[in-house]
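Throughout, numbering of the chain's residues begins at 1 and tracks the sequence. All values below come from the heavy atoms of this structure, side chains included, with hydrogens, waters and symmetry mates left out.
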Amino acid sequence: MNSQNILYQAKIHWTLFIIPFLFTFIGVIGLLPLLFFRGFTQIIGILLVALFCKGAYAMIKLFSTKIYLTDRHLCISSGIFNKSILDISLDKIEGIELQKSLFGKILNYGNLFISTGEITQKLSICNPEEMRMKILTNNKNRNYSDVYGI
């Protein structure tokens, strides 16, 4: 990353945090039956605490996800305990698909599907049109500079 310029940093949209937040909130409510009741209610409390753990893990994972566009690669870094870094060379990108729902248009978020010959990566980000245009213009400039030696 040091020798490459970061052209754009995409942000995860806040709507992706809604479901994990609800899981976490409902799971916290599950602590009450776990601590103060016995029997079947306590089993429900255990299940709700498991829901809390799942929601908290998903929220932390979303917070730790970083998406960078450099002059040569698209870098997607995610994970908490197991770090996963995916570098997609801009020269290898074969297709970009943008999907926005009605709410996505209103709240300015969408899904950007980036495909190479081997993989297709889905990015749910804020302002996906800007990321798409940055990838396309950077790829266009690289191809012309490689051909003409500019």
Side-chain angles (χ1 to χ4, degrees), residues 1-32 34 44-150:
M1 284 283 201
N2 294 339
S3 64
Q4 299 177 22
N5 296 327
I6 294 177
L7 302 174
Y8 187 75
Q9 180 179 355
K11 293 186 170 99
I12 304 293
H13 198 265
W14 62 267
T15 55
L16 291 176
F17 291 94
I18 293 173
I19 302 271
F21 176 77
L22 289 175
F23 283 1
T24 306
F25 182 73
I26 293 170
V28 167
I29 293 172
L31 288 173
L32 296 174
L34 185 64
I44 292 174
I46 292 171
L47 294 175
L48 290 176
V49 169
L51 191 65
F52 167 80
C53 293
K54 182 176 181 173
Y57 178 79
M59 283 181 52
I60 293 170
K61 188 173 180 182
L62 283 172
F63 275 120
S64 70
T65 299
K66 306 290 182 214
I67 303 169
Y68 295 104
L69 176 65
T70 67
D71 52 359
R72 294 184 184 167
H73 292 92
L74 175 64
C75 181
I76 304 161
S77 170
S78 65
I80 303 166
F81 303 115
N82 299 327
K83 194 72 165 176
S84 170
I85 299 174
L86 174 65
D87 287 322
I88 301 173
S89 175
L90 294 182
D91 295 335
K92 303 294 181 191
I93 292 177
E94 292 180 357
I96 300 174
E97 179 183 352
L98 173 66
Q99 291 181 352
K100 286 182 97 172
S101 64
L102 176 63
F103 288 117
K105 289 178 184 177
I106 293 169
L107 299 174
N108 193 22
Y109 73 92
N111 295 322
L112 197 61
F113 293 89
I114 307 212
S115 62
T116 65
E118 297 178 11
I119 60 170
T120 299
Q121 185 66 37
K122 176 185 172 187
L123 306 173
S124 298
I125 57 174
C126 297
N127 202 3
E129 296 94 352
E130 185 176 353
M131 176 103 170
R132 179 180 167 269
M133 290 308 298
K134 293 272 188 188
I135 291 171
L136 291 175
T137 56
N138 190 41
N139 216 7
K140 178 180 161 185
N141 291 339
R142 280 185 53 80
N143 290 339
Y144 286 137
S145 64
D146 292 343
V147 170
Y148 298 114
I150 300 173

Roughly how far, to the nearest 0.5 Å, is [atom2] of [Y] from [atom1] of [X]?
X      : Y      : atom1 : atom2 : answer
Asn108 : Glu130 : CG    : CD    : 9.0 Å
Met133 : Ile96  : CE    : CD1   : 9.5 Å
Lys134 : Leu7   : NZ    : CG    : 7.0 Å
Lys66  : Lys11  : NZ    : NZ    : 10.0 Å
Thr116 : Lys92  : OG1   : NZ    : 9.5 Å
Ile93  : Leu90  : CD1   : CG    : 5.0 Å

Is the shortest side-chain heavy-atom distance between [X] and [Y] below 4.5 Å?
X      : Y     : answer
Thr120 : Glu97 : no
Ile135 : Tyr8  : no
Trp14  : Phe21 : no

More than 12 heavy atoms of other groups within 6.0 Å of [X] [atom1]:
X      : atom1 : value
Lys83  : NZ    : yes
Glu118 : CD    : no
Phe103 : CZ    : no

Open item on the list: I'd like to know if the side chain of Ser64 reaches the main chain of Ser78, judged simply by a donor and an acceptor atom lying under 3.5 Å from each other, with no hydrogens or angles considered.
Closed with: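 Not at all, since once roles are kept as given, no pair shorter than 3.5 Å links the two residues.
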TODO: Show your reasoning for whether side-chain contact (heavy atoms from CB on, under 4.5 Å) applies to Tyr57 and Phe23.
DONE: CA-CA 10 Å; Tyr57 178 79; Phe23 283 1; over 6 Å; no
Open item on the list: Students often mix this up, so state it plainly: with edges at 30° and 60°, are the rings of Phe63 and Phe17 parallel, tilted or perpendicular?
Closed with: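 Tilted.
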TODO: Please report the closest heavy-atom contact between Ile80 and Lys61, naming both atoms and the distance.
DONE: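 Here Ile80 and Lys61 meet closest at CD1-N, 3.5 Å.
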Task: Closest non-hydrogen atom pair between Thr24 and Gly55, with its separation - done: OG1-C, 3.2 Å
Open item on the list: Assess whether a salt bridge exists between Glu129 and Lys100, defined as any Lys/Arg side-chain N lying under 4.0 Å from an Asp/Glu carboxylate O.
Closed with: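 Answer for the salt bridge query: yes.
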Open item on the list: Out of the candidates Leu16, Asn127, Thr15, only one should pair with Tyr109 under the side chain to side chain contact (heavy atoms under 4.5 Å, CB included) rule; please name it.
Closed with: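 Of all the options given, the one that passes is Thr15.
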Task: Identified side chain to side chain contact (heavy atoms under 4.5 Å, CB included) counterpart of His13 within the set Leu62, Ile125, Leu107 - done: Leu107
Open item on the list: List the residues meeting side-chain hydrogen bond (donor to acceptor under 3.5 Å, both in side chains) with Asn111, not counting sequence neighbours, and say none if there are none.
Closed with: Ser124
Open item on the list: Set out, in order, the CA-CA distance, both residues' side-chain angles and the distance that settles side-chain contact (heavy atoms from CB on, under 4.5 Å) for Leu74 and Gln121, then state yes or no.
Closed with: CA-CA 11 Å; Leu74 175 64; Gln121 185 66 37; over 6 Å; no
Open item on the list: Please evaluate residues Ile67 and Ile12 with respect to the criterion side-chain contact (heavy atoms from CB on, under 4.5 Å), reporting the C-alpha separation (whole Å), side-chain torsions for both, the decisive distance (0.1 Å), and the verdict.
Closed with: CA-CA 9 Å; Ile67 303 169; Ile12 304 293; 4.1 Å; yes
